[in-house]
Enquirer: 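This is the structure I have questions about; it appears just below.
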Amino acid sequence: MPRRPGPAPVHTRRSRFDPGAELRRLAAERPVTRIGAGPGDSEEYVWLVTGYDAVRQVLGDHVRFSTRRRFGRAAGTAGTYPDDYRPDDMIGQLMDYDPPEHTRLRKILTPEFTVRRIRRLRPRIEEIAADRLDAVERAGPPADLVEQFATPFSGAVLCELIGVPRDDREAFLRRARHHLDQGRGRQARAAAGAAFSRYLAALVAGQRRDPDDGFLGMVVRDHGADVTDKELRGVCVLLMLAGLDNISGMLSLGTLVLLEHPGRLAEIRADPGTVDRTVEELLRYLTVPHAPTPRTALEDVTVGGQLVKAGEHLVVSLPTANRDPALTAAPDRFDPARAPSAHLAFGHGVHHCLGAALARMELCIGYTELLRRFPHLRLAAPAAEVPFRLHTTAYGLERLPVAW
Amino acid sequence: MEVRVDRDRCVGSGLCMMHVPAVFDQSEDDGKVLLATAHPGPGLARSVRGAAGRCPGRAISLHADGGTGGADSTENVRQ
Ligand code: HEM
Ligand code: HEM
Ligand code: SF4
């Protein structure tokens, strides 16, 4: 079934590295704007939140703004779920939970995602990067860095994290990608989603019986009684889906930005210690997630001077918040030397990205190893012909043809 | 210089300990910030200010040594 026609929602539109022109116009006018959310001339609307301070307020206030999805075609309900209902495929999906339920689940996972714990994965991630760069070398020049490096690298790291055996990885990752591809039909996406969800259920059951010392095994051993298999399955699906497109988008887009700023490239090559601040600035400048989970106001509340009524929905634009002069001066410039700032690429508040430490390490390793392996890396197509990836929840490139 | 952290605001990013491990630590329990020292030497002032500026929770504040914690002893860490 083809994708429903019509323009992409305004908050997902981009223009190369920048938020789309319409989105920028709205953000420049006011921090919170009412936009249509239904097809054609329907009356449905949501609040689009674009200003840095307003975004912080919404994401930082889990008491007034809920992430729980309350509508759907649930069995026996007419559109709105009862308070104690959560559809099967959302069980364990942290971003669908509000405190205190969210706190219970997140607490179980947090120890596995601290900086210290994540650093133990460094040698494996370096090996994965080296393997993928071998594949790039075999494929070209020219080679497509998205297909040969960004996509399989982010996938293999996540498989390593949750313990998907090597032989299963390819089929497993293909399903995850298909599920996230908005260019595919609904049925195909649902089938792919159901298949990898079943696979993960089996993986969880296996760890229950015989826990190893990976992430799942540790959680089962330390907190086995506090978490159900269904919740753990949901957690794994979420980790996969939260970590694939964001990382591959950052690696592909970030490499293109660096190729357009040869001074920065040279700096990282000369002193790999500078890669940290370049990663931080790329996270802000590119802000690949268009928006976090939509929020629902639980009571009347004023945001950015605008009254939002109880029950109304808010779409939060992270790319515009990170280009707000209230965050940092000259926000539209890519400048790794700018003063440290509290950007919102990983969100904010209780749902702040659980995988942030892993993401930062993957990106540092990814860019450093890529530049080390190919000292003469260059684009193998005119810059204007590099296709941007639009049909996913995180921004990225469709292809990045390079030579060396 | 005295460093204070507000664990209610901390979102557990671990960024501070990543950049300035001599001053900040991350709890293995709740992932939130712990202070390795509240009184880092002047040589660390610049890095601590950087950590405060980047902190996504705005949970880190700098105070003059011996200050009472009133607003006027708090540096503007937003930069
Ligand atoms: C550059 C890469 C990444 C970016 C930009 C990013 C961004 C985000 C954002 C904006 C949120 C907040 C969602 C919300 O408020 O609704 C989030 C949540 C989350 N992220 Fe990431 N992410 C990245 C990589 C990863 C990776 C690699 C993992 C896992 C291995 C991961 C796991 C999660 C999880 C589990 C949550 C939900 C946390 C919760 O609801 O408590 N992310 N991420
Ligand atoms: C039994 C498992 C699952 C089934 C049957 C399923 C089904 C679907 C369907 C039918 C769609 C909508 C496709 C469309 O709009 O054209 C969708 C979208 C999506 N699903 Fe799932 N899903 C499953 C599991 C999951 C899980 C566990 C996650 C965790 C994050 C997830 C994340 C998403 C995302 C991010 C989208 C894209 C939303 C968008 O298009 O903006 N799915 N899924
Ligand atoms: S940088 Fe801020 S939010 Fe992150 S761990 Fe340190 S104090 Fe907490």
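Numbered from 1 within each chain, the chains take letters A, B, ... in sequence-line order. In this text, all values refer to a predicted model and were calculated from it rather than measured experimentally.
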Enquirer: Are any of the side-chain heavy atoms of A/His351 and A/Pro292 separated by less than 4.5 Å?
Expert: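 A side-chain contact is absent here, since even the closest heavy-atom pair is not under 4.5 Å.
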Enquirer: Based on non-hydrogen pairs under 4.5 Å, which of B/His19, B/Arg9, B/Gln26, B/Lys32 is most in contact with chain A?
Expert: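 Counting heavy-atom pairs under 4.5 Å, the top option is B/Gln26.
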Enquirer: Side chains of A/Arg295 and A/Leu59: closer than 4.5 Å at any heavy-atom pair?
Expert: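 The answer is yes, as the side chains (C-beta and beyond) meet within the 4.5 Å cut-off.
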Enquirer: Going by heavy atoms in the side chains, are A/Phe113 and A/Arg106 under 4.5 Å from each other?
Expert: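 A side-chain contact under 4.5 Å is absent here.
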Enquirer: So do the side chains of A/Glu112 and A/Leu216 get within less than 4.5 Å of each other, counting heavy atoms only?
Expert: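 A/Glu112 does not reach A/Leu216 side chain to side chain.
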Enquirer: Between A/Arg119, A/Arg117, A/Glu280, which residue shows the highest count of heavy-atom pairs closer than 4.5 Å to chain B?
Expert: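 If we count pairs closer than 4.5 Å to chain B, A/Arg119 comes out on top.
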Enquirer: Hey, which of B/Cys55, B/Cys10, B/Gly12, B/Gly57 has the most heavy atom pairs under 4.5 Å with chain A?
Expert: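 Looking at each of B/Cys55, B/Cys10, B/Gly12, B/Gly57 in turn, B/Gly57 comes out on top.
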